[in-house]
Structures are given as C-alpha cells and as structure tokens.
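Starting from 1, each residue takes its place in the sequence as its number. Worth knowing before you read on, the calculation uses all heavy atoms, side chains too, and leaves out hydrogens, waters and symmetry mates. Order of listing sets the numbers, starting from 1, for every ligand and every atom in it.
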Amino acid sequence: MIIKASQASDVPSSEITSESDYLNRRRFLGASAAGAVVLFGRAAPLGARPQELEPTPEDLATGYNNFYEFGLDKSDPARHAHALRTRPWTIKVDGLCNKPADYQLEDFVQPSAVEDRTYRFRCVEAWSMVVPWRGFPLADVIKRAEPAASAKYVAFETLWDPEQMPERRWRPRIGWPYREGLRLDEAMHPLALLATGMYGKALPNQNGAPLRLIVPWKYGFKSIKSIVRMTFTETEPPTTWATQTPNEYGFYANVNPDVSHPRWSQARERPLGKGILARRVPTRFLNGYEEEVGSLYEDMDLKKFF
Ligand code: MTE
C-alpha cells in the first residue's frame, strides 16, 4: 500500500503516475494512516500452469513485507516483528454461530489438515510473488463453528498490542486492530487458506505468525496476519483499508487488471526477485484463479464492487 523511494527498484515506475503522485501517496499515508493454483488435486485441468509457479526467493518473501503494526518500510517488519510473542496464542471465534469458542492455537490447527500450497500473491501496489504456503482450509474452521443461517460474512482481527508492535507513529491514525473480512461463500472456497508456515517452515513473525489468512485471488491486503479473532456477521464488516481510504480500496479487492487504482494502473505487475530490469507482466483477472473462483462473482459489477 505504501510506495517509497527506497523501494523504487521493486515498484513499477508506471504504477506511480507522476512524481507528485508518488509523494502525495507517501504524504497521504503519513498523514492519514494508512496466488493460486493448488499444486495438487487439480493437476489435470490446470495443465502446465503449476510449472509457472517458481517460488520467489525466500529472503525476499520474508524481508520485503507489509505489516504496518511494525512500521512503514518494507524492511521494518523483519527488523521489529521479533517482539511479537506468538505463544501462547488464543483465537476467539464468535458472532453468529452455534459453536463460539476461545481456542488455543494448538487446538485450532488440526495437523492432519495441514498441507503445502504454492500460490501467486499479488499486492495492490502492483508487485507480485509466488509463495509456497503451509496451512489448512479456512472452510474447516468455519464448518466447525457452525455458522447460523443469518451469517453472511466472516470478519477477522489481528492482535493489537502496542507494547509488542512498536510503530507508534501510526497509532492515532488508523483504526487498529487491523481488520479484514470475506463473504461467507468466499471464505468457504477451498482456495482460501489459513497459513501457519511458508517455504516448508513455520511462518516468520513478519509474515503473520502464528496464523494468517491467504486469499490468493484477492489483493494481498485481504490476507490479514496474526489473527486473534474471527466473527460471523450478517452485514459486511468494516475492514481497515476500505474504511481508511474507501475510494482507493474496496471490501472485495479482487485482483482485476481492468479496474485501476485511482492513482495507478493494475494492468501489469512486477514479479519480485526477477531483477530490476525484469519486464512487468500482465496481471490476470482474479490473479489467474478465475476458473476456480469466477463463479463467486458472476452477477456482480466488479467495477462497482472493487
Ligand atoms: N495484516 C496486518 N495485520 N497488517 C498489515 O499491515 N498488510 C497486508 C497483508 N496483511 C497487513 C496485513 C498487505 S498490504 C499485504 S500486501 C500483505 O499482508 C503482505 O504480506 P507479506 O508481508 O507476507 O508479503
């Protein structure tokens, strides 16, 4: 969400429509806060696509992060997130469901359901990665909670503890905790993952340990980190970026090359890790997962519900 001079090599210059946009975005943020082919199970219809998914070098995926609770710079989360205590970790499941509960992480994650999946990951800032995640279907925990018939959405919250999260400049300017949400049918989709690891290891703190969401057909800001609460609701829950800057970031945030951000195009993206001279590549509708999730949006005007 933040485009900075120090990241210019990783951010496509044409995504920043002018130097003043560049600075405005920086200033605005300062002033106001601010994947997926499953590599298994669908081998036949996906054809050669899995071979496209060469993972981004691990040091980039774990060193170039957005986790604003720990700072504005892409390198801040890796520098500061060691302060996050991820054990013990409690996840509250509440709202419109028959089985609300406070889970310890160990009871929440069922090891037998954990699997490795390599997904494309497309940030709204127009860079992308390919990340081998480890996790389990979000649908599993939703089914276990038994949502009520009236539940239409699920809201997520990140831990908010200023003692562990030192980015003090942001405190008054953004409505912490970081919040996200999905429509229940999106959340039930088999591609939606709760990740506990990446690159075959436990999730590093800067990537959202001990538990984060991965929704590979949506912009990365939907993939909320360090989750402590899931709440079933009847109405669309408020989410951090859509509340903060509603003309720029919507609730749906589906990757869509035809719907530009007000200040840059989303038609192309820069895959990280390919060198500064690497060509930007066309962005795919729903990040390339249209075959899997396109039916969720059949009757929607995605320009309106961006
Ligand atoms: N979750 C929390 N709690 N705080 C954040 O700042 N940033 C989001 C998302 N989840 C964010 C978050 C954004 S903008 C992106 S692009 C991804 O995390 C980045 O994930 P990564 O650092 O693992 O690449």
Side-chain angles (χ1 to χ4, degrees), residues 1-4 7 10-11 15 25 29 33-35 55-81 84 86 119-135 155-162 164-167 169-171 173-182 193-199 201-216 218-230 239-245 248-250 253 255 261 266 269-273 287:
M1 329 288 280
I2 299 177
I3 293 179
K4 302 181 61 248
Q7 292 142 18
D10 283 324
V11 175
E15 259 70 80
R25 179 160 172 77
L29 289 164
T56 300
E58 184 180 348
D59 59 340
L60 260 181
T62 60
Y64 184 94
N65 301 103
N66 282 334
F67 198 167
Y68 299 119
E69 290 87 331
F70 293 102
L72 301 180
D73 289 353
K74 293 286 191 272
S75 59
D76 279 340
R79 279 194 284 144
H80 300 307
L84 179 66
T86 59
Y119 283 161
R120 283 186 289 277
F121 186 85
R122 168 62 155 85
C123 179
V124 74
E125 295 165 349
W127 51 261
S128 61
M129 300 198 202
V130 171
V131 181
W133 301 106
R134 176 163 285 180
F156 301 86
E157 264 180 42
T158 293
L159 175 76
W160 175 236
D161 179 355
Q164 298 181 57
M165 297 168 157
E167 187 42 65
R169 279 184 295 160
W170 284 68
R171 269 197 215 165
R173 301 186 189 123
I174 192 170
W176 304 113
Y178 194 98
R179 292 176 208 273
E180 260 309 332
L182 295 171
L193 194 72
L194 282 171
T196 54
M198 62 196 290
Y199 295 85
K201 303 169 197 156
L203 211 52
N205 285 4
Q206 62 268 30
N207 292 91
L211 183 82
R212 74 173 296 178
L213 184 64
I214 296 295
V215 197
K218 293 181 178 284
Y219 291 121
F221 68 85
K222 297 296 288 184
S223 292
I224 182 172
K225 297 178 170 181
S226 305
I227 296 168
V228 291
R229 187 171 180 189
M230 285 176 51
T239 57
T240 292
W241 290 103
T243 304
Q244 191 68 36
T245 325
E248 300 196 2
Y249 307 108
V255 175
H261 184 279
Q266 295 290 20
E269 68 200 47
R270 174 159 220 163
L272 295 189
N287 205 20

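Checked by atom type, the side-chain pair Lys74/Asn66 shows a donor-acceptor distance below 3.5 Å. Defined by atom type and a distance below 3.5 Å, a donor-acceptor pair is present between the side-chain atoms of Gln266 and Arg122.
By the 4.5 Å heavy-atom criterion applied to side chains, Glu248 and Trp241 are not counted as neighbours.
Within the model, atoms CD1 of Ile224 and CZ of Arg229 stand 12.0 Å from one another, a figure rounded to the nearest 0.5 Å. Rounding to the nearest 0.5 Å places CG of Leu182 at 5.5 Å from CG of Leu213.
Checked by distance only, ligand 1 and Trp127 stay at 3.5 Å or farther apart across all their nitrogen or oxygen atoms. At a 3.5 angstrom cut-off on N or O pairs, Glu69 counts as close to ligand 1.
The option with the heavy atom closest to atom 19 (C) of ligand 1, from among Ile227, Leu159, Asn66, Thr56, is Asn66.
Below 4.0 Å from some heavy atom of Asn65 lie the following atoms of ligand 1, by number and element: 21 (P), 22 (O), 23 (O). Residue-ligand proximity, Phe121 to ligand 1, at heavy-atom distances under 4.0 Å covers atoms 17 (C), 19 (C), 20 (O), 24 (O). Close approach of ligand 1 to Phe67 (heavy-atom distance below 4.0 Å) involves ligand atoms 2 (C), 3 (N), 4 (N), 5 (C), 6 (O). Which parts of ligand 1 touch Tyr68 is read off a 4.0 Å heavy-atom cut-off, strictly below it: atoms 5 (C), 6 (O).
Every heavy atom of Trp241 sits 4.0 Å or more from the atoms of ligand 1. Ligand 1 lies within reach of Arg212, whose nearest heavy atom is under 4.0 Å from it. Using a non-hydrogen distance threshold of 4.0 Å, Ser226 does not register as a contact of ligand 1.
By the criterion of a heavy-atom distance under 4.0 Å, the side chain of Tyr178, and not its backbone, is placed next to ligand 1. Neither the backbone nor the side chain of Lys222 comes within 4.0 Å of ligand 1, counting heavy atoms alone. Proximity of Ser223 to ligand 1, defined as any heavy-atom pair under 4.0 Å, is confined to the backbone N, CA, C and O atoms. Heavy atoms of Thr158 found under 4.0 angstrom from ligand 1 belong exclusively to the side chain.
The minimum heavy-atom distance linking Val130 with Tyr199 is given by the pair O-OH, 3.7 Å. For Pro216 against Asn287, the heavy-atom pair with the smallest separation is O-ND2, 2.8 Å.
Arg212 places no side-chain N or O within 3.5 Å of a backbone atom of Leu194 that could act as its donor or acceptor partner.
If you run side-chain contact (heavy atoms from CB on, under 4.5 Å) between Val228 and each of Leu211, Asp161, Leu159, only Leu159 comes through.
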